[in-house]
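Data block below; observations after.
Computed over heavy atoms, backbone and side chain alike; hydrogens, waters and symmetry mates excluded. Throughout, a chain's letter reflects where its sequence line sits, starting with A, and its residues are numbered from 1.
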Amino acid sequence: MRPYVPDVSPFRASVYALVRSIPRGRVLSYGAVAALLGHPRSARGVGTALSGLSEGHDVPWWRVVNRNGEITSPRIHHIAALQRKLLEGEGVKFRASGRIDMKEYAWSPSPDSRTD
DNA sequence: GATCTGACCACCG
DNA sequence: CCGGTGGCCAGAT
(Lines give C-alpha, C1' and ligand atoms only; values in the text may rest on other atoms or scores of the structure.)
Protein backbone atom coordinates (compact mmCIF):
# COMPACT_ATOMS: atom_id res chain seq x y z
CA MET A 1 0.00 0.00 0.00
CA ARG A 2 1.42 3.26 -1.08
CA PRO A 3 1.87 6.24 1.22
CA TYR A 4 0.05 8.81 -0.83
CA VAL A 5 -0.91 8.00 -4.36
CA PRO A 6 -4.34 9.22 -5.27
CA ASP A 7 -5.40 8.84 -8.86
CA VAL A 8 -3.15 11.38 -10.47
CA SER A 9 -1.75 11.96 -13.88
CA PRO A 10 1.80 10.76 -14.44
CA PHE A 11 2.85 14.36 -14.77
CA ARG A 12 1.59 15.26 -11.32
CA ALA A 13 3.01 12.08 -9.87
CA SER A 14 6.45 12.90 -11.25
CA VAL A 15 6.24 16.46 -9.93
CA TYR A 16 5.41 15.22 -6.47
CA ALA A 17 8.19 12.64 -6.62
CA LEU A 18 10.81 15.20 -7.55
CA VAL A 19 9.63 17.78 -5.03
CA ARG A 20 9.76 15.09 -2.38
CA SER A 21 13.42 14.62 -3.18
CA ILE A 22 14.35 18.25 -2.56
CA PRO A 23 16.55 18.28 0.54
CA ARG A 24 15.66 20.29 3.58
CA GLY A 25 16.86 23.88 3.39
CA ARG A 26 17.08 23.87 -0.40
CA VAL A 27 14.69 25.12 -3.04
CA LEU A 28 13.85 24.69 -6.71
CA SER A 29 12.04 26.95 -9.14
CA TYR A 30 8.87 25.86 -10.91
CA GLY A 31 10.71 26.04 -14.19
CA ALA A 32 13.59 23.97 -12.85
CA VAL A 33 11.25 21.25 -11.64
CA ALA A 34 9.57 21.16 -15.04
CA ALA A 35 12.91 21.08 -16.84
CA LEU A 36 14.24 18.27 -14.68
CA LEU A 37 11.17 16.25 -15.55
CA GLY A 38 11.80 16.75 -19.24
CA HIS A 39 9.06 19.36 -19.70
CA PRO A 40 10.98 22.65 -19.92
CA ARG A 41 7.80 24.49 -20.86
CA SER A 42 5.57 23.23 -18.12
CA ALA A 43 6.46 25.55 -15.28
CA ARG A 44 2.83 26.51 -14.93
CA GLY A 45 1.86 22.89 -14.87
CA VAL A 46 4.08 22.46 -11.83
CA GLY A 47 2.25 25.26 -10.08
CA THR A 48 -1.05 23.69 -11.00
CA ALA A 49 0.11 20.34 -9.68
CA LEU A 50 1.16 21.81 -6.34
CA SER A 51 -2.05 23.78 -6.02
CA GLY A 52 -3.96 20.54 -6.33
CA LEU A 53 -2.40 18.93 -3.28
CA SER A 54 -4.87 17.51 -0.82
CA GLU A 55 -4.50 17.03 2.90
CA GLY A 56 -2.32 14.34 4.32
CA HIS A 57 0.24 14.44 1.56
CA ASP A 58 3.96 14.31 2.17
CA VAL A 59 5.08 16.76 -0.47
CA PRO A 60 7.27 19.65 0.68
CA TRP A 61 5.60 22.08 -1.69
CA TRP A 62 7.08 25.08 0.12
CA ARG A 63 10.49 24.29 -1.36
CA VAL A 64 9.32 25.46 -4.77
CA VAL A 65 9.53 29.16 -5.56
CA ASN A 66 9.70 31.15 -8.76
CA ARG A 67 12.84 31.74 -10.78
CA ASN A 68 13.66 34.92 -8.83
CA GLY A 69 13.51 33.24 -5.48
CA GLU A 70 10.20 34.88 -4.71
CA ILE A 71 7.13 33.27 -3.24
CA THR A 72 4.30 33.28 -5.74
CA SER A 73 1.75 31.32 -3.78
CA PRO A 74 -1.70 32.82 -3.25
CA ARG A 75 -1.45 35.38 -0.48
CA ILE A 76 -5.17 35.53 -0.07
CA HIS A 77 -5.08 32.03 1.33
CA HIS A 78 -2.20 33.00 3.63
CA ILE A 79 -0.32 30.20 1.94
CA ALA A 80 2.55 32.53 1.12
CA ALA A 81 3.13 33.45 4.76
CA LEU A 82 3.10 29.79 5.72
CA GLN A 83 5.57 28.97 2.98
CA ARG A 84 8.01 31.62 4.13
CA LYS A 85 7.71 30.42 7.68
CA LEU A 86 8.40 26.83 6.74
CA LEU A 87 11.41 27.82 4.66
CA GLU A 88 12.86 30.00 7.40
CA GLY A 89 12.30 27.09 9.74
CA GLU A 90 14.67 25.07 7.55
CA GLY A 91 17.32 27.75 7.64
CA VAL A 92 16.51 29.46 4.37
CA LYS A 93 17.13 33.17 4.72
CA PHE A 94 15.19 35.87 2.95
CA ARG A 95 16.83 39.09 1.87
CA ALA A 96 15.39 42.45 2.78
CA SER A 97 13.72 42.43 -0.61
CA GLY A 98 11.79 39.38 0.50
CA ARG A 99 13.60 37.18 -1.96
CA ILE A 100 15.78 34.11 -1.57
CA ASP A 101 19.32 34.02 -2.92
CA MET A 102 18.88 31.33 -5.55
CA LYS A 103 22.62 31.13 -6.13
CA GLU A 104 22.90 29.75 -2.67
CA TYR A 105 19.76 27.71 -2.15
CA ALA A 106 18.86 26.40 -5.58
CA TRP A 107 19.28 22.65 -5.54
CA SER A 108 20.25 20.29 -8.31
CA PRO A 109 19.53 16.54 -8.02
CA SER A 110 22.79 14.98 -9.13
CA PRO A 111 26.30 15.71 -7.79
CA ASP A 112 26.13 18.53 -5.28
CA SER A 113 23.30 16.85 -3.43
CA ARG A 114 23.68 18.04 0.14
CA THR A 115 21.01 15.86 1.65
CA ASP A 116 21.49 18.00 4.70
C1' DG B 1 -13.73 19.26 -27.34
C1' DA B 2 -14.00 24.39 -26.63
C1' DT B 3 -12.91 27.86 -23.24
C1' DC B 4 -11.10 29.84 -19.05
C1' DT B 5 -7.79 30.13 -15.33
C1' DG B 6 -3.36 30.37 -13.14
C1' DA B 7 1.44 28.71 -6.89
C1' DC B 8 5.32 30.35 -14.59
C1' DC B 9 8.71 32.37 -17.72
C1' DA B 10 11.11 35.14 -21.29
C1' DC B 11 11.28 39.34 -23.74
C1' DC B 12 10.72 44.33 -24.44
C1' DG B 13 10.28 49.28 -23.50
C1' DC C 1 12.27 48.19 -11.15
C1' DC C 2 7.67 48.22 -13.13
C1' DG C 3 4.19 47.18 -16.34
C1' DG C 4 2.56 44.92 -20.68
C1' DT C 5 2.64 40.91 -24.04
C1' DG C 6 2.89 36.39 -25.81
C1' DG C 7 3.71 31.64 -25.22
C1' DC C 8 3.22 27.22 -22.73
C1' DC C 9 0.68 23.81 -20.51
C1' DA C 10 -2.09 21.04 -16.87
C1' DG C 11 -6.73 21.29 -14.76
C1' DA C 12 -11.31 22.66 -14.19
C1' DT C 13 -15.89 23.70 -16.10
Inset, instruction - Indicate, with a heavy-atom threshold strictly under 4.0 Å, whether A:Thr72 touches base, sugar-phosphate, or nothing. - result: sugar-phosphate

Legend entry - Stepwise side-chain contact (heavy atoms from CB on, under 4.5 Å) test for A:Asp58 and A:Arg20: CA-CA 7 Å; A:Asp58 58 341; A:Arg20 263 190 282 254; 2.4 Å; yes

Would you indicate whether the side-chain heavy atoms of [Y] and [X] approach each other to under 4.5 Å?
{"X": "A:Thr72", "Y": "A:Tyr30", "value": "yes"}
{"X": "A:Leu28", "Y": "A:Leu36", "value": "yes"}
{"X": "A:Ser29", "Y": "A:Asn66", "value": "no"}
{"X": "A:Trp62", "Y": "A:Leu82", "value": "no"}
{"X": "A:Met102", "Y": "A:Val65", "value": "yes"}
{"X": "A:Leu37", "Y": "A:Leu18", "value": "yes"}

Inset, instruction - Sequence neighbours left out, what passes ring pair (Phe, Tyr, Trp, His ring centres under 6.0 Å) with A:Phe11? Give chain and number order. - result: A:His39

Legend entry - For chain A, the stretch of DNA chain B it reaches, first to last nucleotide, under 4.0 Å of its heavy atoms: B:dG6 to B:dA10

Legend entry - Residue pair A:Val59 / A:Val19: nearest heavy atoms and the distance that separates them: CG1-CG1, 3.6 Å

Inset, instruction - Is it possible for you to check whether A:Arg99 lies under 6.0 Å from the centre of the six-membered ring of A:Phe94, through NZ or CZ, and within 45° of that ring's axis? - result: no

Legend entry - A:Tyr16 and A:Arg12: side chain donor to acceptor below 3.5 Å: yes

Legend entry - Contact list for DNA chain B against residues 73-84 of chain A - heavy-atom distance below 4.0 Å: A:Ser73, A:Pro74

Could you list the protein-to-nucleotides 8-13 of chain C atom pairs, N/O on both sides, closer than 3.5 Å?
from	atom 1	to	atom 2	distance (Å)
C:dG11	OP1	A:Ser9	OG	2.7

Inset, instruction - Taking A:Arg95 for its side chain and A:Ile100 for its backbone only, find out whether a donor-acceptor pair lies under 3.5 Å. - result: no

Legend entry - 5' precedence on DNA chain B between A:Leu50 and A:Arg67 (nearest-nucleotide basis): A:Leu50

Enumerate all atom pairs, one protein N or O and one N or O from nucleotides 2-6 of chain C, separated by less than 3.5 Å.
none

Inset, instruction - Output every pair passing salt bridge (Lys or Arg N to Asp or Glu O under 4.0 Å) with a member in residues 60-74 of chain A, not counting sequence neighbours, ordered by first then second residue. - result: A:Arg63-A:Glu90

